[in-house]
Amino acid sequence: MPEKTYLQALNEALRQEMERDEKVFIMGEDVGQFGGCFGVTQGLFEKFGEERVRDTPITESVIVGCAAGAAASGLRPVAELMFVDFIGVAMDQLFNQAAKMRFMFGGKATVPMTLRMPQGAGIGAAAQHSQSLEAWFMHIPGLKVVIPSTPYDAKGLLISAIRDDSPTVFLEHKMLYGVSGEVPDEAYAIELGKADVKREGSDVTIVATSLMVHTALAAAEKLKADGIEAEVVDPRCLNPLDKYTIIESIKKTNALVIAHEAVQYAGPGAEIAAMAAEEALDYLDAPIKRVGAPFCPVPFSPPLEKAYIPDADDIVAAVKSIR
Amino acid sequence: MPEKTYLQALNEALRQEMERDEKVFIMGEDVGQFGGCFGVTQGLFEKFGEERVRDTPITESVIVGCAAGAAASGLRPVAELMFVDFIGVAMDQLFNQAAKMRFMFGGKATVPMTLRMPQGAGIGAAAQHSQSLEAWFMHIPGLKVVIPSTPYDAKGLLISAIRDDSPTVFLEHKMLYGVSGEVPDEAYAIELGKADVKREGSDVTIVATSLMVHTALAAAEKLKADGIEAEVVDPRCLNPLDKYTIIESIKKTNALVIAHEAVQYAGPGAEIAAMAAEEALDYLDAPIKRVGAPFCPVPFSPPLEKAYIPDADDIVAAVKSIR
Amino acid sequence: MTPDKKTLVHMYETMNKIRMFEKKLQDFFAAGEIPGFVHLYLGEEAVATGACSALTDKDKITSTHRGHGHLLAKGGDLKLMMAEIFGRKTGYCLGKGGSMHIADLDLGILGANGIVGGGGPLATGAAFASKYSKADTVTVCFFGDGASNQGTTQESLNLASAWKLPLVFVNENNGYGISCPQCKSMAVTDIADRAAAYDMPGVVVDGNDVLAVFEAVSEAVKRARNGEGPSLIECKTYRWRGHFEGDACTYRCQEELDEWMGKDPIPRFEAKLVESGAVSKKEAAAIQDRIAKEIEEAVTFAKQSPFPDPSELLDNVYA
Amino acid sequence: MTPDKKTLVHMYETMNKIRMFEKKLQDFFAAGEIPGFVHLYLGEEAVATGACSALTDKDKITSTHRGHGHLLAKGGDLKLMMAEIFGRKTGYCLGKGGSMHIADLDLGILGANGIVGGGGPLATGAAFASKYSKADTVTVCFFGDGASNQGTTQESLNLASAWKLPLVFVNENNGYGISCPQCKSMAVTDIADRAAAYDMPGVVVDGNDVLAVFEAVSEAVKRARNGEGPSLIECKTYRWRGHFEGDACTYRCQEELDEWMGKDPIPRFEAKLVESGAVSKKEAAAIQDRIAKEIEEAVTFAKQSPFPDPSELLDNVYA
Ligand SMILES: Cc1ncc(C[n+]2csc(CCOP(=O)(O)OP(=O)(O)O)c2C)c(N)n1
Ligand SMILES: Cc1ncc(C[n+]2csc(CCOP(=O)(O)OP(=O)(O)O)c2C)c(N)n1
Ligand SMILES: [Mg+2]
Ligand SMILES: [Mg+2]
């Protein structure tokens, strides 16, 4: 299979869906000729023209709302916010409008929009350009939340998100854009809500998302040296959440560690831990450990940022505290 | 002690703090002569004048941001959003500005603002006027989150919130405004971050917030009839969270049920459950149960809304499933 | 642009329909039979009627918390609306939405909206979809004087103009956002003056004159269909009732109310119709009777309809 | 309002300080010594300098992602800024903020801001605090052409006007929001025309003429101090560099850049100063030398300063 970066995989998914379906269009700040702040939409403007690859003013509320309105009117918008951090000015259009429209209207609206947003720290972009906000989106009934960790998943899940008839938030990690992996040339869809076991193991389950999947895999290699075999489960979607795969893994390993880059307190891992404490407590023989960012904004200076982002040693330490 | 409603208690706290400190002022939509949508600011405009009790345009971003800017400039604003549901247009000013300013500026800004917001279902106000969004606020480093359940707590906590030097979100439940209880006439402060055991019991710990404290107390009475003594712990603040009191209770009862009105999935109870599954697992002899709203927007029609809001029977059922 | 007789009669019907519908709700709300809030449109009937009469069935609207008038004027079904407001399973939203969330996508109604300023961004999307699909349809975005201060509204005006969308912004300036008079919420007198900030035409019309509204909106719709982009029409009007039913309205004076009640858009229009011979007094009375009957039927339908069953709670969250 | 000699010299110093500071950053960024993003202010020096020269020490500003110029013009300390941008513990924010979050509350600087349009609401709060405390201070809110489309900006303009706040909105129209030319992001040519939507004065000035900026802002500041409310000053200018360092800038043409580089605000101002006799060529050169030295000192200070220690991570989250 050809090797592609996460970024190329996303770009290919966009291109192929736009070729397949005329109703698909792209909108966002600098997504046109500029190719998107991180380059995800590069070349699409040239290929599809400015009707279908639309630069917007700096107007996030209207980016999200325009996508929702266009979706409810029969199109399939793929909107981009340049950084997930900017959702604060647009949250209403996402949670009160796009996500609720179908329910409020008694099922009579269909809102097939995808909202792509880069997340995460690692480039020294500081407090307002580095956050991971998936926990907020998980708490919104009516939305789906997709958070791919590999190029293969990125392509297949983005295609599914675009084809899905519900509003979907698609969270990319900026430190993953350059990561390579095998990606088929043809279009393919990965079902939303199916976890993927990225590594099999018998001693502890590590549920990890996005960039932390890679960190968890690195941790698993370190743990292996100490005779601990970790199973790394990547939910890939946080809503719907594949509880089944997680619980099956816990049944096998009897221990759970959860790793994400979002702030730990009231973060995405809280739900996974709570779910396990309710539905799989009998299979757990040790406390559930979470590894997430500490309770502070993302700091700027490199040594602070490095300390902020959970690393493989943090995951190893969490596992070792229970194994 | 005199009996007052939750609403009167809040009104008294505002009045007394405004009398005590000239830097305290109120701003929001219709908080002036109209007295606030629910009446919390009634009489304050007449007493303190329009410089200090300020009606704003419909401009939530600027309500929150103006409060943050005024707080950073030395005042102590108490801003009101008419319904917590409107935070979607103002989230940026809350989470990226007010909450992060101090950290980003290396400790050089102090932002002593209080943002009051009514929450909750129960009046048929439907999907965009009935939500409980405390989980989002908990996930924001730099904010404090206060969520009182009784008139006594409401007054003492609002006074503390106003006096506190950090930005504080103060979440009132609209179904509590009419609830009465003993409230001293004089001003008093309840330390932020201290839970209150609303009922002692030995068989199960029910951690409940806001309106659900009352529901949990009703459930506890029902359980008592079946010989189950529930301890009802009201954290009163979700950040800082009084883990100590919760864990001490779990040590005594060995079982935990969490009840809140927010959507259960990725809700405030997830953090409490995760915390317990990490820090008190050895004391738990049964799965942790959560009782929260189902995964849908708040419905309009009374029978649906009733089904949506967790009730005492839901809590009883959760307890019985483990006791 | 003078409307033909059919249109004139339809306008007259619509205004009366809204008036009687809202009066019914006023009574039923007072009697405790309607859950939640209702924001009545009484006194403002000419705005929705005039604006929607300038639209075809395929054109679209976004509405507000005070939406009954817009929905009825765009063809909303009386029974389905009434049943929804009564919280019944047979309502537009299966009882899930209520007064503030009624929608009928088939009629081009993208929904009432509980968020002030919430409709603007959605309207840009609806209008963009028309343009993208070369569908020749126009979208009308209704919004209040209060909503004109919300950033989402201003962003919507900007995008619509930058993209030359087929969108008409109809501002219903009833002088208040809840208790807040316009003069306290903004420094300008005419909201239409804000159009210039986006380089679009801005027009002030008498919002209690249905023909004036119709004419101004028709003009704007023509522009929009011609690909010339959006317009802003400010309709000066007044709400007769409190912000919501139950509002004691202490912030306005009786004289102001009396003055505006004197400008009741319905008799004004009726007088014109009768004078011009478009409708006779008798025909007018017959129309009123018919509508009164339709509304009674809607009430009966609503009241006889079942409430939704709790088992339906989780339906319709996802597509 | 002609500034006195001291002010003129100070302006000249400030413009040079910004210029040299930014050039230093350009070099160090290219050399990989600066973490994160930097958005340079090169070419726009006259705006910040002219505007801040119209303010007293007690007056306040809110800034943007492109904030170095504003901060320096408001008196920001070179060493503390440089150290912050280098991520050092001795910086303004102890290394926690970086380029986009530098603040100095004591100097009335409420912070650079990573959110486009984020400063407007904060500026209303700062201005309101002045008014509430009868402090006779004025706030300047800097914002870009791109930011003028963000709803928060428009809400801030509205509140400032409705409340007659002592606030001056200084729009830096450099023609682009990242790659998006003004003509694609809005239909109007002059952002100053948006002032009328809020009933405040709106003025266009040559943003590369420091005296023109100074004069217009001084006028607005006077109005503000007199309790007459806010103004909007649009300063037409251009950024010489890409949006951020590393931007290849393929969306603009060389001719446009050349044209604007020909309007370099510093030699233009210097020529005036020399001509009027306010500063001799020799004095100008001496000023430049002194500033170059100060900047070298700031660089040395920054580079010799330690990075923050990970143990400090959780400090300063709460008061
Ligand atoms: C974002 C938001 N803020 C506040 C409210 C509460 N609210 C509902 S209607 C209203 C007044 C709206 O005024 P206007 O736009 O003039 O419409 P009118 O009620 O006069 O028709 C307010 C403040 C809301 N629903 N949404
Ligand atoms: C809310 C928000 N949206 C988008 C961005 C990304 N962004 C940063 S600067 C910028 C362009 C700003 O343009 P303008 O206001 O004209 O300022 P300039 O960069 O030209 O000085 C954009 C889109 C952001 N930081 N915040
Ligand atoms: Mg109004
Ligand atoms: Mg610009």
Side-chain angles (χ1 to χ4, degrees), chain B residues 28-39 41-42 45-46 50 54-63 65 81-83 85-90 92-93 121-131 263 265 293-309 311, chain C residues 34-37 65 83-89 91 93-102 112-118 144-153 176-182 184-186 243-244 247-251 306-318:
Chain B
E29 292 158 19
D30 305 285
V31 296
Q33 196 208 324
F34 195 70
C37 183
F38 293 97
T41 56
Q42 226 143 46
F45 175 85
E46 289 73 9
E50 77 177 319
R54 303 191 63 82
D55 276 336
T56 67
I58 304 173
T59 188
E60 283 82 6
S61 262
V62 164
I63 293 174
L81 294 199
M82 201 178 275
F83 289 76
D85 310 70
F86 307 157
I87 194 66
V89 291
D92 183 70
Q93 290 293 321
I123 60 169
Q128 295 172 340
H129 288 75
S130 304
Q131 296 165 88
V263 164
Y265 190 75
F295 203 61
C296 64
V298 184
F300 165 65
S301 185
L304 294 180
E305 191 186 35
K306 187 169 175 306
Y308 178 90
I309 303 169
D311 63 17
Chain C
I34 294 177
F37 308 123
H65 58 286
E84 185 59 35
I85 293 167
F86 273 80
R88 305 305 162 111
K89 183 183 169 133
C93 316
L94 318 179
K96 290 189 161 165
S99 164
M100 278 192 288
H101 305 296
I102 296 177
N113 208 310
I115 299 298
V116 171
D145 48 299
S148 79
N149 297 319
Q150 186 71 280
T152 49
T153 300
Y176 292 85
I178 308 189
S179 73
C180 192
Q182 187 196 340
K184 279 180 76 178
S185 79
M186 66 185 86
H243 171 68
F244 37 57
D247 171 6
C249 247
T250 53
Y251 46 86
F307 281 101
D309 190 84
S311 66
E312 295 156 24
L313 181 58
L314 289 172
D315 298 344
N316 307 307
V317 179
Y318 290 94

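Note on naming: letters A, B, ... go to the chains in the order of the sequence lines (proteins, then strands), and numbering restarts at 1 for each one.
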How many angstroms lie between atom [atom1] of [X] and atom [atom2] of [Y], to the nearest 0.5 angstrom?
X: B:Arg54; Y: C:Lys184; atom1: CZ; atom2: NZ; result: 8.5 Å
X: C:Glu312; Y: B:Ser301; atom1: CD; atom2: OG; result: 9.5 Å
X: C:Leu313; Y: B:Leu304; atom1: CG; atom2: CG; result: 6.0 Å
X: C:Cys180; Y: B:Glu29; atom1: SG; atom2: CD; result: 8.5 Å

Taking all heavy atoms of [X] and all of [Y], pick out the closest pair and write down the distance.
X: C:Ala147; Y: B:Ile58; result: N-CD1, 4.4 Å
X: B:Ala307; Y: C:Pro310; result: CB-CB, 3.8 Å
X: B:Phe86; Y: C:Ile115; result: CD2-CD1, 3.7 Å
X: C:Gly114; Y: B:Gln128; result: N-OE1, 2.7 Å

With a sphere of 6.0 Å drawn around CD of B:Glu46, does it hold more than 12 non-hydrogen atoms of other residues, nucleotides or ligands? yes

When B:Phe83, B:Phe34, B:Tyr308, B:Phe300 are compared by non-hydrogen pairs under 4.5 Å with chain C, the top option: B:Phe300

Would you mind telling me which of B:Gly124, B:Gly88, B:Pro297 has the largest number of heavy-atom pairs within less than 4.5 Å of chain C? B:Gly124

Contact class of C:Gln182 relative to chain B, heavy atoms under 4.5 angstrom: neither

Contacting region of C:Asp247 [heavy-atom separation from chain B under 4.5 Å]: side chain

Which answer fits B:Asp30, side chain, backbone, both or neither, if we ask what part of it has an atom under 4.5 Å from a heavy atom of chain C? both

Non-hydrogen atoms of chain C under 4.5 Å away: do they reach the side chain of B:Ser130, the backbone, both or neither? neither

Any donor-acceptor pair under 3.5 Å from C:Ser185 side chain to B:Pro57 backbone: no

Donor-acceptor side-chain pairing of B:Thr59 and C:Asn149 below 3.5 angstrom: no

Side-chain contact test, heavy atoms from C-beta onward, threshold under 4.5 Å: evaluate it for C:Ile178 versus B:Met82 and give yes or no. yes

Check the orientation of B:Phe295 and C:Tyr318. Use parallel for under 30°, tilted for 30 to 60°, and perpendicular for over 60°. parallel

